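Computed from a predicted model, the values in this text were never measured in an experiment. The chains referred to below are lettered A, B, ... by the order of the sequence lines, with proteins before strands, and numbering in each begins at 1.
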There are 2 protein chains.
Amino acid sequence: MAQRMDSSSNRLDDAARAGWLYYVAGNTQEEIASKLGISRQSAQRLVSLSVSEGLIKVRLDHPIGRCMDLASRLKSRFALDLVEVVPSDPSSDSTTIGVAEATATEIERWLKRPDPIVMAIGTGRTLKAAVEQLTPMDCPHHKVVSLTGNIAPDGSAAYYNVIFNMADTVKARSFPMPLPVIASSARERELLHAQPMIRRTLALAAQADVTFVGIGDIGPDAPLHVDGFITDAELKELQKAGAIGEICGWSFDADGKLIEGLTNDRVASATIPSREHALVVAIAMGNRKLPGIKAVLNRRLVNGLITDERTAEGLLKLL
Amino acid sequence: MAQRMDSSSNRLDDAARAGWLYYVAGNTQEEIASKLGISRQSAQRLVSLSVSEGLIKVRLDHPIGRCMDLASRLKSRFALDLVEVVPSDPSSDSTTIGVAEATATEIERWLKRPDPIVMAIGTGRTLKAAVEQLTPMDCPHHKVVSLTGNIAPDGSAAYYNVIFNMADTVKARSFPMPLPVIASSARERELLHAQPMIRRTLALAAQADVTFVGIGDIGPDAPLHVDGFITDAELKELQKAGAIGEICGWSFDADGKLIEGLTNDRVASATIPSREHALVVAIAMGNRKLPGIKAVLNRRLVNGLITDERTAEGLLKLL
DNA sequence: ATAAATGTTGAGTATTTGCTCACACACGGG
DNA sequence: CCCGTGTGTGAGCAAATACTCAACATTTAT
């Protein structure tokens with residue numbers, strides 16, 4: 001007489017059945033056990049087996065599901081600690097929509113902590129949009145320090161410096177940098193950085209617990225140039241030297257390596273805090289920034305990224 | 001300035017995120033809580049929301065998954081309490097493969113119970129195959145009662161009567177019916193049923209806790225005819241009267257209604273136990289039996305069904 | 001403007017689940 | 001035939017999860 005089919009396939013069948021009863025039918029493992037005439041533990045093992053054997057597939061039917069999938073791939077691909085991928089709005093070419101809100105949420109998450117932290121903030125349109133999304137809070141125990149100078153070339157306050165807005169909204173102690181973004185000479189930068197107050201601010205920035213920076217591109221519409229921090233000639237020189245992006249004014253090439261000389265000799269911003277000791281989050285989206293983001297990630301300059309779906313896809317596709 | 005997007009979509013987003021972290025990334029709810037900066041309870045609610053909102057879809061990548069899906073549809077469609085759908089072997093046209101094993105499993109499940117039960121058993125090829133799959137056990141506390149006579153027209157033991165095989169294998173107390181399947185006349189049936197021993201057996205069958213019956217077709221190869229219980233002429237008459245299937249010899253039409261007169265006046269089998277008080281499981285598969293199964297289910301003659309994938313599909317497709 | 005209705009939250013608690021361990025049983029080699 | 005070896009099993013326990021409740025916030029209706 002035909003013997004029972006071999007037990008291994010039987011076991012997988014049982015596992016499938018148990019998994020189905022558990023995940024699809026919503027049975028408890030004890031119910032499954034009694035239905036299958038086995039002990040609860042065995043039911044548990046079967047359910048667990050159905051998962052480990054890959055019989056059970058869960059998927060998330062929500063736009064955000066895709067985002068989180070991309071996020072987790074970026075995370076492992078670039079050894080990141082924090083990745084937020086927000087849904088892309090196909091009908092918008094804004095470079096802040098979504099990421100601004102997400103960044104605000106992430107900033108608030110840090111500011112909600114009861115223990116005092118030091119948060120460093122870069123500059124740029126994206127960060128400004130993010131800070132505008134912040135909910136007013138009361139965080140006198142936190143310190144917010146700017147990584148970049150807040151003086152525009154014409155002597156006015158740099159429009160995209162966000163430290164004041166931020167400090168206002170969240171009532172934290174703020175540490176702006178009363179400096180130009182790019183000094184007129186390397187010598188001037190040394191002098192400025194030698195001032196005790198600036199030194200203290202720079203030191204504070206260096207020990208930030210968390211840092212948020214934007215990434216600028218060095219294309220024809222480079223923000224550094226559009227905002228008047230660098231001249232047409234300086235932009236061209238940077239491009240010729242291979243610069244494809246900048247963070248807080250520090251230009252880097254396609255490998256994420258800082259350009260030697262040129263404007264980098266005069267950038268008055270604090271150096272980007274080390275990702276070794278803290279969370280350094282880059283916020284950037286859009287095709288124009290793609291090569292810059294790629295370079296930053298490859299070079300491991302940051303360990304956090306907030307971007308959108310489309311950009312995330314681009315990053316992963318570019319190998 | 002644009003306000004935060006309305007909270008309902010935000011909430012669903014969070015739910016999706018939580019659901020993703022929970023089901024896809026395998027985080028614990030406490031981890032999710034800390035990552036999202038909310039309380040553990042809120043994380044639990046979000047996860048639960050993601051499920052109840054249908055954001056999370058689980059599916060089973062195993063042949064049996066389809067079976068259980070079919071089973072659950074049959075269950076609700078025909079108000080059944082037990083449905084087993086086994087995978088179909090496309091390369092086999094056996095009418096017992098799979099269902100035999102499944103039936104054996106189900107029978108064993110009942111026999112494993114420590115409290116004494118009464119199990120009624122019909123007859124037929126399918127049940128015979130099922131009983132042959134039974135694992136030897138020791139169940140002296142249970143009673144197994146046959147629903148049909150075990151005497152073939154030529155006076156020999158009916159081949160497909162399974163009560164003896166079964167009792168042997170599981171060591172249960174057995175109650176066969178020393179009767180022909182179909183008496184020679186209505187009057188003879190009355191006399192036979194009036195015998196005290198038969199009456200007791202019939203009474204026992206009527207109070208069975210669980211019943212397993214096969215379904216026979218009334219086509220050209222009707223088992224009743226092939227096995228010699230009815231003549232060619234009787235088969236034709238039944239067909240003309242609209243019979244399309246039989247259980248334990250009781251013929252019924254496409255609505256599941258018993259044929260009046262003809263062989264049904266002489267069927268010596270016990271009446272099929274009522275599904276009101278017990279589990280009555282029909283075991284049947286194959287296209288030939290499809291109309292019969294359909295009729296039985298529509299008429300609610302049984303509250304259990306063991307069949308295969310293909311047949312289950314057929315049943316659901318036929319309206 | 002007030003009250004009712006609705007929804008959200010955290011705390012506490014009961015239930016459910018995952019894990020470890022010791023043991024039993026079958027299989028295959030010496 | 002006996003003895004590893006390895007697989008499966010159940011008990012017990014720790015962790016994780018689901019549920020209930022009361023308080024509070026927010027919206028809606030009068």
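Judged by atom type and distance alone, A/R45 does not reach the base of C/dG18 through any side-chain donor-acceptor pair under 3.5 Å.
Atom pair B/L21:CG and D/dT17:C1' shows a separation of 16 Å (rounding to whole Å applied). Atom-to-atom, CD of B/E30 to P of D/dT17 comes out at 8 Å; the value is rounded to the nearest Å. Rounding to whole angstrom units, CG of residue B/L46 and P of C/dG7 are separated by 16 Å. Taking atom CG of A/L49 as the reference point, atom P of C/dT17 lies 17 Å away to the nearest angstrom. At whole-Å resolution of the value, OH in B/Y22 and P in D/dA15 are 17 Å apart. Atom-to-atom, CD of B/Q29 to P of C/dG18 comes out at 12 Å; the value is rounded to the nearest Å. Rounded to an integer number of Å, the gap from CD of B/Q44 to P of C/dT9 is 12 Å. The nearest whole Å value for the distance from the CG atom in A/N27 to the P atom in D/dA18 is 15 Å.
Using a cut-off of 4.0 Å between Lys/Arg side-chain N and Asp/Glu carboxylate O, B/E106 and B/R109 are scored as salt-bridged.
Each of A/L305, A/V210, A/D81, A/V302 was evaluated against A/V280; a single residue qualifies, A/V302, per the side-chain contact (heavy atoms from CB on, under 4.5 Å) test. Applying the side-chain contact (heavy atoms from CB on, under 4.5 Å) test between B/D209 and each of B/V118, B/L279, B/D115 identifies B/V118 as the sole match.
Taking 4.0 angstrom as the limit, A/S48 places none of its side-chain polar atoms (N or O) nearer than this to OP1 or OP2 of C/dG18. Using a 4.0 Å cut-off, no side-chain N or O of B/S39 falls inside it from OP1 or OP2 of C/dT9.
At a threshold of 4.0 angstrom between heavy atoms, the contacts of A/Q41 include nucleobase atoms, whether or not backbone atoms are also involved.
For A/S42, the listed nucleotide lying nearest its side chain is D/dG10; candidates were D/dG12, C/dT16, D/dG10.
The shortest non-hydrogen separation linking B/P273 to B/T211 is CG-OG1, 3.3 Å.
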